[in-house]
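Each remark here refers to the structure printed beneath this line.
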Amino acid sequence: MTGVSVRVRFSPAPTGYLHVGGARSALFNWLYARHTDGTFILRIEDTDTDRSADHLVDAIYDSMRWLGMDWDEEIRQSDRFDQYRSFANDLLAQGKAYRCDCTRDAIDARNQAGGRKTDAGYDGFCRDRNVAEGEGVVVRFRTPDEGVTGWDDVIRGRVEFDNAVLEDFIIVRSNGVPMFHVANAYDDATMGITHVIRGEDLVNTTPRVLLLRQALGYPDPPVYAHLPLIVNEKRQKLSKRRDDVAVGDYRAKGFLPEAMRNYLVTLGWGPRQGDEIAPIETFIEQFELSDINNSPAFFDIKKLEHFNGEYIRALTAERFIQEASNVLPSSVPAYIFQLFAPNVQERLVTISANPIHDLLGWITGPPAEPDVKDWKKVMNKPNVPAVLDLVAERLGSVEWNAEAIEACVFGVGTELGAKTQLPVRMAVSGARTGIPLFEPMAQMNRDEVIRRIKAARSRLDSDDDGPA
RNA sequence: GCCCCGUUCGUCUAGCGGCCUAGGACGCUGGCUUCUCAUGCCAGUAGCACGGGUUCAAAUCCCGUACGGGGUGCCA
């Protein structure tokens, strides 16, 4: 920050779709880069060749773009295996690393025999054995036996590990592919990364990277900022298996990217003053790493929905129609949707087919099958049969427009001293709630409206318990 | 087990030693507006995990306890 331009990176492993935790990490890196006029780099960490897949890289691109996060540079670690290998060979040549042919079973057995826990980690058995290259042989980094490795975390303060508890970890797999630590240390150093902003689940790997970096000859580490985790209702780290967290899923469910992005910003960080729903430019301006808090945040879908509703209502009419048109249910003709779009826009939590169908499907399609409780609540009133009878009759001769229909329905109400809008709504739409009634009614065929009212009326006669 | 981290309303957060009888937001409850619902507006609800210090003064600093989480792979 002092003169040197900020360079940050988001480094996803393409072993699954981008999930909200990753998206939040990406977002904080992006915000910081934009805040400082720095460089935001996308680094695909695909050193695990068995689990990485190209289509998953594409999915990450998609989700990043959808959320409006543009990157300035990109590298893919699988393109740099040679560099990592030569780095590892240097360490080997300098005696800072060594080959090891121990199997997991052999290590466990020695730990057990030595009175240590079986999961105590590697015991350094091969340090001086001069193991030759061969089948099943890995390269391990020789960690110091004494001293501490630590750093000043922007979010967490001083974090230190005793080197004695750090085992000699593997830096090159037996198949010759370097481990992510190596790539991580090498890339951060050679790419001139100034700030590492990532999830707290990575703190334990930091001392390894720091040690590797020193061995590489890059003594000045970047600034680390370990983000609090995003957790589920059980306060556990969000998991791709257990929790529904893929960014693409939220997109498919009808969440707006602006809403998602805005909500993600509030997880672990908040504007010191001002509204928590604000244009991203506001957040870019205010964002500081030191303001990120350090306790886990629950991913609250209810609050996300609220944000989404706010963003939907803030959409221009044109954009709302455009977004919704992509998901219109077959029960809703485009002209009906266009006519009532403002009424729909105000009522949606997500832009998706089902709620739109519920709001508009009955106008050109059949009415909904009423909810029993709602039906009783509205229809089991003394005056309802009379109301329905009279409205059905009067509607036969009224001028067919919204104003006249409204006057007719309320006129009957005044005459009979009863509420008329709700029973008519129930009869015509099949629901107790919905958009204003009379405009849609005017769009319908007069005979159909009357037929529905009469049907409801006879339903009242045939059973006292309402709809089956 | 070992290592690391965390703990402000149910939830997300503000708070950086006095402005805190702890502020905002979501949720929930009630009211107003209204052709129902929704929107909008108003009001209410509820929190500094616990125990010791330090200080004239602590939600804020230190120590401990409890509880929670993360890591502990030839995954990242």
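Atom set for the values below is all heavy atoms of this structure, side chains included, hydrogens, waters and symmetry mates excluded. Per chain, numbering begins at 1; letters A, B, ... match sequence-line order.
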Requested in this report: Determine the interatomic distance between P on B:C5 and the same-named atom on B:G64; round to the nearest Å.
Outcome: 12 Å
Query raised in the report: NA contact type, A:Asn293, heavy-atom cut-off 4.0 Å: base, sugar-phosphate, or nothing?
Result: sugar-phosphate
Query - Base of B:C75 paired with side chain of A:Arg51 (donor-acceptor, under 3.5 Å) - result: yes
Query raised in the report: Taking the six-membered ring for Trp, are the ring centroids of A:Phe410 and A:Phe438 within less than 6.0 Å of each other?
Result: yes
Requested in this report: Provide, to the nearest angstrom, the distance between the CH2 atom belonging to A:Trp151 and the P atom belonging to B:C3.
Outcome: 15 Å
Report summary line: Assert: residue with more 5' nearest nucleotide on RNA chain B, out of A:Asn184 and A:Arg208, is A:Arg208
Report task. Under a 3.5 Å limit for both distances, which nucleotide forms a Watson-Crick or G-U wobble pair with B:G44, could you say? Result -> B:C28
Query raised in the report: Within the structure shown, what part of the strands sits under 4.0 Å from A:Gln77 by heavy-atom distance: base, sugar-phosphate, or nothing?
Result: nothing
Query raised in the report: Got a salt bridge between A:Asp54 and A:Arg76, using NZ or NE/NH1/NH2 to carboxylate O under 4.0 Å?
Result: yes
Query raised in the report: Taking the side chain of A:Lys237 as its heavy atoms from C-beta onward, which of B:C3, B:G70, B:G24 lies nearest to it?
Result: B:G70
Query raised in the report: With sugar-phosphate meaning primed atoms plus P, OP1 and OP2, does A:Leu304 contact a base, only sugar-phosphate, or nothing at under 4.0 Å between heavy atoms?
Result: nothing
Query raised in the report: How would you label the contact of A:Arg432 with the nucleic acid (heavy atoms, under 4.0 Å): base, sugar-phosphate, or nothing?
Result: base
**Report entry** Complementary nucleotide for B:G73 - Watson-Crick or wobble, under 3.5 Å
**Finding:** none
Requested in this report: Confirm from the modelled atom types if A:Lys302 and B:C26 form a donor-acceptor pair under 3.5 Å, side chain to base only.
Outcome: no
**Report entry** Spacing of the C1' atoms in B:C56 and B:G15 (rounded, Å)
**Finding:** 22 Å
Query raised in the report: Rounding to a whole Å, what distance do you find between A:Glu233:CD and B:G27:P?
Result: 18 Å
Query raised in the report: A:Thr47 near the nucleic acid: base, sugar-phosphate alone, or nothing, with a heavy-atom cut-off under 4.0 Å?
Result: sugar-phosphate
Query - Base-pairing assignment for B:U34 (Watson-Crick or G-U wobble, both under 3.5 Å) - result: none
Query raised in the report: Looking for any heavy atom pair under 4.0 Å, which part of the strands does A:Pro436 touch: base, sugar-phosphate only, or nothing?
Result: base
Report task. Classify the nucleic acid contact of A:Tyr263 as base, sugar-phosphate or nothing, counting any heavy atom under 4.0 Å across all strands shown. Result -> nothing
Query - Pairing partner of B:G17 (Watson-Crick or G-U wobble, both distances under 3.5 Å) - result: none
**Report entry** Base of B:C75 paired with side chain of A:Thr15 (donor-acceptor, under 3.5 Å)
**Finding:** no
Report task. With heavy atoms under 4.0 Å as the rule, sort A:Leu229 into base, sugar-phosphate or nothing. Result -> sugar-phosphate
Query raised in the report: Which is true for A:Met179 with a 4.0 Å heavy-atom rule: it touches a base, it touches only sugar-phosphate, or it touches nothing?
Result: sugar-phosphate
Report task. May I ask you to check whether A:Phe10 and A:Phe28 place their ring centres under 6.0 Å from each other? Result -> no
Query raised in the report: How is A:Ile435 classified with respect to the nucleic acid when contacts are heavy atoms under 4.0 Å: base, sugar-phosphate, or nothing?
Result: base
Query - Toward the 5' end of RNA chain B, by each residue's nearest nucleotide, A:Leu422 or A:Arg24 - result: A:Arg24
Requested in this report: Indicate whether any N or O donor in one side chain lies under 3.5 Å from an N or O acceptor in the other, for A:Thr143 and A:Asn163.
Outcome: no
Report summary line: From the candidates B:G70, B:U39, B:U7, the one with an atom nearest any side-chain atom of A:Asn204 is B:G70
**Report entry** Centroid separation A:Tyr250 to A:Phe307 less than 6.0 Å
**Finding:** no
Report summary line: The Watson-Crick or G-U wobble partner of B:A66, with both key distances under 3.5 Å, is B:U7
Query raised in the report: Judged by modelled atom types alone, do A:Arg198 and A:Thr206 share a side-chain donor-acceptor pair under 3.5 Å?
Result: yes
Requested in this report: Indicate, with a heavy-atom threshold strictly under 4.0 Å, whether A:Gly268 touches base, sugar-phosphate, or nothing.
Outcome: sugar-phosphate
Query raised in the report: What is the nucleic acid contact for A:Glu276, judged by heavy atoms within less than 4.0 Å: base, sugar-phosphate only, or nothing?
Result: base
